[in-house]
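Worksheet: one structure, shown below.
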Amino acid sequence: MLPDVSLTPILAPSLLAGDHANLAAATDLTASLGLAWLHIDIMDGHFVPNLTFGPQTVAALRPRTKLFFDTHLMLEEPQRYVEAFAQAGSDLISIHIEPSFDHRATLARIRALGCKNGLVLNPGTPAAAIEPFLGDVDLVLVMTVQPGFGGQPFRTDLLPKIEQISRWRQERGLSFRLEVDGGVDLDTGAQCRKAGADTFVAGTSFFRASDPAAYAAAVGRW
Ligand code: DX5
Ligand code: ZN
């Protein structure tokens, strides 16, 4: 069966690669190009060895834009924070499968708060780990690097995992978005698109692009 590439491609620039002294500029650039999504990485120094933003950052950016805030929680205890991010203005909140907490209840809670939900897998986590949740998610995020830092090389060995999840989606008639994050650029992103991904997080490659508008247009043609 061919991978399902019917969902319109979405480019989600990652705020992590923007200027941290001027996050408003990164947000405004994304909106000015007509893009719809902004990816916001939240790290707690426990689940990943880095720290980034909090709900206050999301709340501060919220009044500037109607961009869809795709909030990626890299937290050991995300269930403690979903309410704060929903109140801050996140549109989608994704949680990792790896830490121990009640994933099903947290996914339901995110929806009850009026947000879309997402489930994320690290490179070392098999697709089977999220398979029981596929009917209850708006987005699956396949990490194509070990999370924690931007600027790492894309891992092509994860393409079969994207294909597998895309196949399940098609076989079951589901419509969650399939997102990739880490080392995505116009070359690796196109490979993910062929594997069935439809939503592309790009940090370094987007914010360092000589022509971000041309970059965004190229993704739109995938
Ligand atoms: C990594 C983050 C990514 C990061 C990607 O832990 O989840 O969203 O911003 O950055 P690039 O695109 O530079 O790999
Ligand atoms: Zn991310």
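Each ligand, and each atom within it, is numbered from 1 in the order the structure gives.
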- prompt: For A17, is the nearest heavy atom under 4.0 Å from an atom of ligand 1?
  reply: no
query: Can you list the residues that meet the side-chain hydrogen bond (donor to acceptor under 3.5 Å, both in side chains) rule with D157, with sequence neighbours excluded?
result: R155
message: Between H20 and F53, is the ring centroid distance below 6.0 Å?
response: yes
field: ligand 1 to D181 polar contact by distance, N or O atoms, under 3.5 Å
entry: yes
query: Can a donor-acceptor pair be found between the side chains of Q191 and T156 at a distance below 3.5 Å?
result: no
query: Do S205 and ligand 1 have an N or O pair less than 3.5 Å apart?
result: no
- prompt: Which protein N, O or S atoms lie under 2.8 Å from the Zn ion (ligand 2), given by chain and residue number?
  reply: H39 NE2, D41 OD1, H72 ND1, D181 OD2
task: Assess M74 for proximity to ligand 1: is some non-hydrogen atom of it under 4.0 Å away?
output: yes
task: May I ask you to identify, for S14, whether its side chain, its backbone, both or neither come under 4.0 Å of ligand 1 on a heavy-atom basis?
output: side chain
- line: the protein heavy atom lying closest to atom 4 (C) of ligand 1 turns out to be D41 OD2, 3.6 Å
- prompt: Does F200 have R193 sitting over its ring (NZ/CZ under 6.0 Å from centre, angle to axis within 45°)?
  reply: no
task: Assert yes or no for the condition that the ring centre distance of H72 to H96 is strictly below 6.0 Å.
output: yes
task: Could you tell me whether some N/O pair between M143 and ligand 1 is separated by less than 3.5 angstrom?
output: no
- prompt: Among side-chain atoms of D185 and T188, is any donor-acceptor pair under 3.5 angstrom?
  reply: yes
field: The one among P13, P153, G150, G182 that brings a heavy atom closest to atom 10 (O) of ligand 1
entry: G150
- line: A student checking ligand 1 against G148 at a 4.0 Å heavy-atom cut-off should list atoms 1 (C), 6 (O)
query: Counting each atom of ligand 1 from 1 as listed, which ones have a heavy atom of P147 under 4.0 Å away?
result: 6 (O)
- prompt: Considering only heavy atoms, does F206 approach ligand 1 within less than 4.0 Å through its side chain, its backbone, both, or neither?
  reply: neither
query: Purely on distance, is any nitrogen or oxygen of L16 under 3.5 Å from one on ligand 1?
result: no
field: Polar side chain donor-acceptor pair, D70 to S94, under 3.5 angstrom
entry: no
task: Flag A202 as yes when one of its N or O atoms lies below 3.5 Å from any N or O atom of ligand 1, and as no otherwise.
output: no
- prompt: Under 3.5 Å, side chain of T125 to main-chain N/O of L121, donor-acceptor pair present?
  reply: no
